[in-house]
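One structure below.
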Amino acid sequence: MTADGRPEPDRALYTISVAAELAGISPQALRLYEQRGLLSPARTGGGTRLYSDNDIARLRRISSLAEEGVNLAGISRILDLQEENTRLRSSGAEEG
DNA sequence: TTTCTTACA
DNA sequence: TGTAAGTA
């Protein structure tokens with residue numbers, strides 16, 4: 001059951017308000033994160049942001065890094081590097 | 001300067 | 001949703 005009352009899609013999607021609740025951040029802060037390139041949530045036809053469970057996990061990471069004193073630019077870098085790291089290990093380190 | 005909150009359209 | 005003003 002989703003916040004909107006829907007049954008349960010293949011993968012849960014949350015509005016900016018729900019995503020902010022789960023991540024413990026303010027909706028406005030979430031929009032700031034997107035402007036800085038920290039995430040790229042999906043959007044409905046009207047333009048409403050839809051955060052997936054994967055985005056929520058990333059948001060928790062962002063807030064965690066911010067707590068450590070890392071600025072948004074640094075967080076974006078760390079997240080990007082961590083993804084590349086996982087990508088290389090999964091696809092083989094020969095490419096690059 | 002950068003981040004986050006509050007307020008308006 | 002997007003932008004502006006104010007704060008620490």
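Proteins come first, then strands; the chains are lettered A, B, ... in the order of their sequence lines, and each starts at number 1.
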Problem set entry | Distance, rounded to the nearest Å, where A:Gln35 contributes CD and B:dT3 contributes C1' | 12 Å
Exercise. Roughly how many Å is it from CD1 in A:Ile25 to P in B:dC4, rounded to a whole number?
Worked result: 8 Å
Exercise. Within a strict 4.5 Å, meaning less than it, do heavy atoms of the A:Pro41 and A:Leu50 side chains meet?
Worked result: no
For this session: Please state whether the phosphate of B:dC4, meaning OP1 or OP2, lies under 4.0 angstrom from any side-chain nitrogen or oxygen of A:Ser26.
Result: no
Seminar exercise, completed: Where DNA chain B forms runs of at least three Watson-Crick or G-U pairs (i with j, i+1 with j-1, under 3.5 Å), the stems are B:4-9 with C:1-6
For this session: Kindly say if A:Arg36 contacts the phosphate of B:dT3, meaning a side-chain N or O under 4.0 Å from OP1 or OP2.
Result: yes
For this session: Round to the nearest Å and state the distance from A:Asn71 atom CG to C:dA8 atom C1'.
Result: 16 Å
Problem set entry | Distance in angstrom units between A:Glu67 CD and B:dT3 P, rounded | 14 Å
Exercise. In whole angstrom, what separates A:Arg31's CZ from C:dA4's P?
Worked result: 13 Å
Problem set entry | Rounded distance [0.5 Å steps], CD1 in A:Ile62 versus CG in A:Leu38 | 4.0 Å
For this session: Whole angstrom is fine here: how far is it from CD in A:Glu68 over to P in B:dT3?
Result: 16 Å
Problem set entry | Residue pairs fulfilling side-chain hydrogen bond (donor to acceptor under 3.5 Å, both in side chains) with at least one residue in residues 40-50 of chain A, sequence neighbours excluded | A:Glu34-A:Arg43, A:Glu34-A:Arg49
Exercise. Taking CD from A:Gln28 and C1' from B:dT2, how many angstroms apart are they, rounded to a whole number?
Worked result: 17 Å
For this session: May I ask you to verify if any side-chain N or O of A:Tyr33 is less than 4.0 angstrom from the OP1 or OP2 atom of B:dC4?
Result: yes
For this session: Any chance you could measure A:Leu59, atom CG, to A:Ile25, atom CD1, to the nearest 0.5 Å?
Result: 5.0 Å
Exercise. Roughly, in whole Å, what's the span from CG in A:Leu32 to C1' in B:dT3?
Worked result: 7 Å
Seminar exercise, completed: Closest non-hydrogen contact found for A:Leu39 with A:Tyr33 is CD1-CB, 3.7 Å
For this session: Would you confirm whether A:Arg60, through its side chain, and A:Leu22, through its main-chain N or O, come within 3.5 Å as a donor-acceptor pair?
Result: yes
